[in-house]
Each structure stands twice: as structure tokens, then as C-alpha cells.
2 protein chains.
Amino acid sequence: MSEQISDSHHEILDAAAKCFMKLGVNAASVDDIAHSLGSTKGRIYHHFASRGALLGAVRLQAPEFTRRAVAPVMDDNLSPSQNFHNMALTHIAAVFETLPYHKVVLQHYTGLEGKSATESDRAMEARIRDAKRGYEDLFRSVIHAGMQSGEFRCQNLSVTLHSVLILLNAPVFWYSPRPDEPQGFTAQVARQLADMGLAALI
Amino acid sequence: MSEQISDSHHEILDAAAKCFMKLGVNAASVDDIAHSLGSTKGRIYHHFASRGALLGAVRLQAPEFTRRAVAPVMDDNLSPSQNFHNMALTHIAAVFETLPYHKVVLQHYTGLEGKSATESDRAMEARIRDAKRGYEDLFRSVIHAGMQSGEFRCQNLSVTLHSVLILLNAPVFWYSPRPDEPQGFTAQVARQLADMGLAALI
DNA sequence: ACAGGTACATACCGCGTGGTATGTTAGAAA
DNA sequence: TTTCTAACATACCACGCGGTATGTACCTGT
């Protein structure tokens, strides 16, 4: 299961994520991405079967980044409140560190599905959906535990889960790194959002 | 200032909003929209100067819909908590009723700006930005009042505002009307989200 | 009846884009 | 040295899309 991919592969992924973020998922052309690398289309089509495959690879990275960060800090011995707060803080920090990938994912939340053409396209879509859902289940379990223990309000679990996750992902919408940014701004935002997320559950 | 537009105008706007929502803002072509109307491009280009102008008109409708619903229920005599809760409930209900428009707006939150070509394009962008900001200021004022009265936690106002608004708009991401939907589901979701939004402020 | 304008339909053009087929170069293997 | 292959660059094509120029039915006032 170890992802055996070359350096050039990663370099293309990063450049694609940034281009998709800046120009928009549909607007950014393969030529744009290649030009941002100082290369041509040949390089990209040598490593990726199609434009869709490249975009899928970028979208798949996002939940893997956050999962690799959040899964290790989960601790079932903690109270659901503390557990959630730790997870939320770690999640937001990870999002800030891999922002372009998450901004790309954001553009696919609108539900423009249903136009799956090739078989490999649908397979990639399924992989992305599973990775996303598997990561969400980490939060689903801790929220469920909190509701059963009485720490969190008992409400529709799915609605609560998605709403809180969107709240934690809010910076993906409005944040872009600025040079005149106060020291430790992102950490401060992360704390505020983790607090708000926890408060929204209680 | 009275918007003097014909029925055909509105019909095109609705069809465009639904097409932009279903196929994606960049993917939906003018021909797609015309076809969904049983017409051809000629009709659309007769009423709108360009594809961008049509998209801009759709995006401009969204904050006007919510403003027309929320502004009348604001009441400075109420406590900030009650005032916010009423506004939030009304906002979410309005969003549910004009969902396609808000799903289109969502696709422009990603910050793919900076490619303004023509002068009229930038003017439209400014109108949209002002309408959006003006509407957000309704919530900004009530949150500010709550922070000053001590009812709400004192935190970064802009971060709080945007985070709460994204929380209230969360259904735009995951909700699509379904035939097997429980009776009064949207109203229940609206109550839950308004509660969560208020809890996140305290 | 006639003129003029409104509200579209039709046909067409130019351009950008995804994709491909064909070089070209550098390094490893023999 | 020779050969093979990975890793690209280059040139090109076919297609879809935005936009426009033109045609046409219908309605309205005179």
C-alpha cells in the first residue's frame, strides 16, 4: 500500500494543486500547470493518464494529509470533549499546511457529480469518496461517543458532523497567507475555531 | 432602483442557476442553459450581454434573497441572542427556498479572483461583493452587539462572523431535496443549525 | 396596410483546450 | 560502444464553446 511515486510526481501534484486553486478547477488547463513548472504538457501526460486523473490525485491527497495528522492524536481514554478539541486543533493545523489541496477539494463539494464518463473515472471518484468518508468517521465516532455520554447535545448525528466539519474547514474559504500576517495568526484561528466547534456541540 | 425585468428574464435566471448548480459554474455552457429552457442561445444573448453577465446576475440574486428575508425580522429591542437566533432561522429558511442560487455562489468562494478582464466585469464583481458584504454586516452588527453586552465571547470579530455564516450555510454543501425526505426536515435542520450557531457564539 | 421594434432562432467563426503521435536526450545495462 | 528505456519536448488535430451577424415571426401604434 506504500505509495511508490517519484519526486517529479509530487512536484507535479503540488503545482497542479496550486494552479487548480488559483485559476479554478475547471479553468486551469494542463498547459497552465505545465507552464508553472517550466515544462510542457509532455511531462504531465507522461506521469498521469489524463487531466482527470491528475485532478483526482490532488483531491485524494487532501483527506490523506489530515488523516495522517489527526489519527495519531486520537485517544479513547480522554473525554469526548477533550478528544474532539485535540482532533480539531490538529485538523485545522494540517489544513493550513496543505491549503491548496483543500481549496481544490472545496470546489467539488457542490455536488456536480453524475457525469462520470469512463470506468477509471468512477473508480477514482469512489476512492476519493471512501477516503473522505473514512476520515469523517473519525469525527463521527467521537461525536457519537459524546452524545451517548451526555456531554454533547443529542441531535441528528450526520447533520451535526457535517456542520461541525464545515465550521472547522471555514478558513479554507476565506484564508490566504499574507505577508503582513500577525505572528501566530493561524494558530490563534485554529484555537478559536476548535473552541467554537466544541461549543456548538454542547 | 426597482428592478424592472421581464418574466423571460427571471425564467432565464432560474434556469441558469439550476444549470450552473448541476453542471458546475465553469462546465455549464450557454447552450446547456438554453437547451434546458427549450430554446437556443439567441434568447439568452438577447437578454444578457455575455455569459459572465448572466452568471453575475445569478450570483447577485443570492444575497438579495436572504437580505429581503432577514432584514425585516431584525429587532434591536431583542437581546443579541434572540435577535441572532431569529435571523439565523430566517436566513436558513431563505437559503433552502432559493438553493440553486446559493450553490452557485458557493463555487465562487474559493478565491479564484484576479482575472477580471473587462471593465463591466469588474463593476459587476464589485456590486456582488458589496451586496454580499452589506448582507454580512447585518450579522456582524448583531454579533458585535452581543460581544459588547457580554452575551457572546469576545474573539476576533471577522473570524467569528465568517465561521458562523459558513456554519449556517452548511446545508448548501450537502443538502439536495429528495422525494423520500421526512416531513419538515428542512425546518428541523434550520432549528438545529441556528442552535449550533448560537451555541458557538456563547 | 404599413413601419418599426421586440423577441427570439439559425448559421457561422475563431480560439482555446484535451489529447495524441512523434521526436529527442540522458542514463543504465549489456 | 551499443542498446534500450524512462522522461520528457514539440507539433499537431478535433472538438466544444463564447460570441456575432443575420434572418424571421409577432405585436403595436398610426
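Predicted, not measured: the structure shown is a model, and the values here were computed from it. Here is how names work: the chains are called A, B, and so on, in the same order as the sequence lines, proteins then strands, and each is numbered from 1.
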> Counting only heavy atoms not in B/H85, do more than 12 sit closer than 6.0 Å to its NE2 atom?
Replying inline: yes
> Among B/R140, B/R133, B/K132, which residue meets the salt bridge (Lys or Arg N to Asp or Glu O under 4.0 Å) test with B/E136?
Replying inline: B/K132
> Between B/S8 and C/dA7, does any side-chain N or O lie under 4.0 Å from OP1 or OP2?
Replying inline: no
> Within less than 4.0 Å of OP1 or OP2 of C/dC8, is there a side-chain N or O belonging to B/H47?
Replying inline: yes
> For the residue pair A/H9 and A/F48, does the interplanar ring angle fall in the parallel (under 30°), tilted (30 to 60°) or perpendicular (over 60°) class?
Replying inline: tilted
> What is the distance, rounded to the nearest whole Å, between atom CG of B/D7 and atom P of C/dC8?
Replying inline: 11 Å
>> If I take atom CG in residue B/L37 and atom P in nucleotide C/dC8, what distance separates them, rounded to the nearest angstrom?
In response: 10 Å
> Which whole-number value in Å describes the distance from A/L55 CG to C/dG19 P?
Replying inline: 11 Å
>> Starting the side chain at C-beta, find the nucleotide from C/dG18, D/dG19, D/dC17 nearest to B/S29.
In response: D/dC17
>> I want to check one thing: is the phosphate of D/dA7, taken as OP1 and OP2, less than 4.0 Å away from some side-chain N or O of A/R43?
In response: no
>> Distance check needed: D/dT10 P versus A/Y45 OH, whole Å only.
In response: 17 Å
>> Between P on D/dA7 and CZ on A/F48, what's the gap in Å once rounded to a whole number?
In response: 13 Å
>> Of the options C/dT6, D/dT20, C/dG19, whose atoms approach the side-chain atoms of B/H46 most closely?
In response: C/dT6
> How many Å lie between CZ on B/R51 and P on D/dT20, as a whole number?
Replying inline: 15 Å
> Out of C/dG18, C/dA9, D/dC8, which has the shortest distance to the side chain of B/T40?
Replying inline: C/dA9
> Does the pair B/M147 and B/R153 meet the rule for a side chain to side chain contact (heavy atoms under 4.5 Å, CB included), with working shown?
Replying inline: CA-CA 6 Å; B/M147 284 185 180; B/R153 264 182 300 163; over 6 Å; no
>> Could you tell me how far apart B/D31 (CG) and D/dG19 (P) are, to the nearest whole angstrom?
In response: 12 Å
> When you check the phosphate oxygens OP1 and OP2 of C/dG18, does a side-chain N or O of A/S50 lie under 4.0 Å from one of them?
Replying inline: no
> Between atom CD1 in A/I12 and atom C1' in D/dA7, what is the gap in whole Å?
Replying inline: 10 Å
>> Please verify the inter-ring angle class for A/F139 with A/F84; under 30° counts as parallel, over 60° as perpendicular, anything in between as tilted.
In response: perpendicular
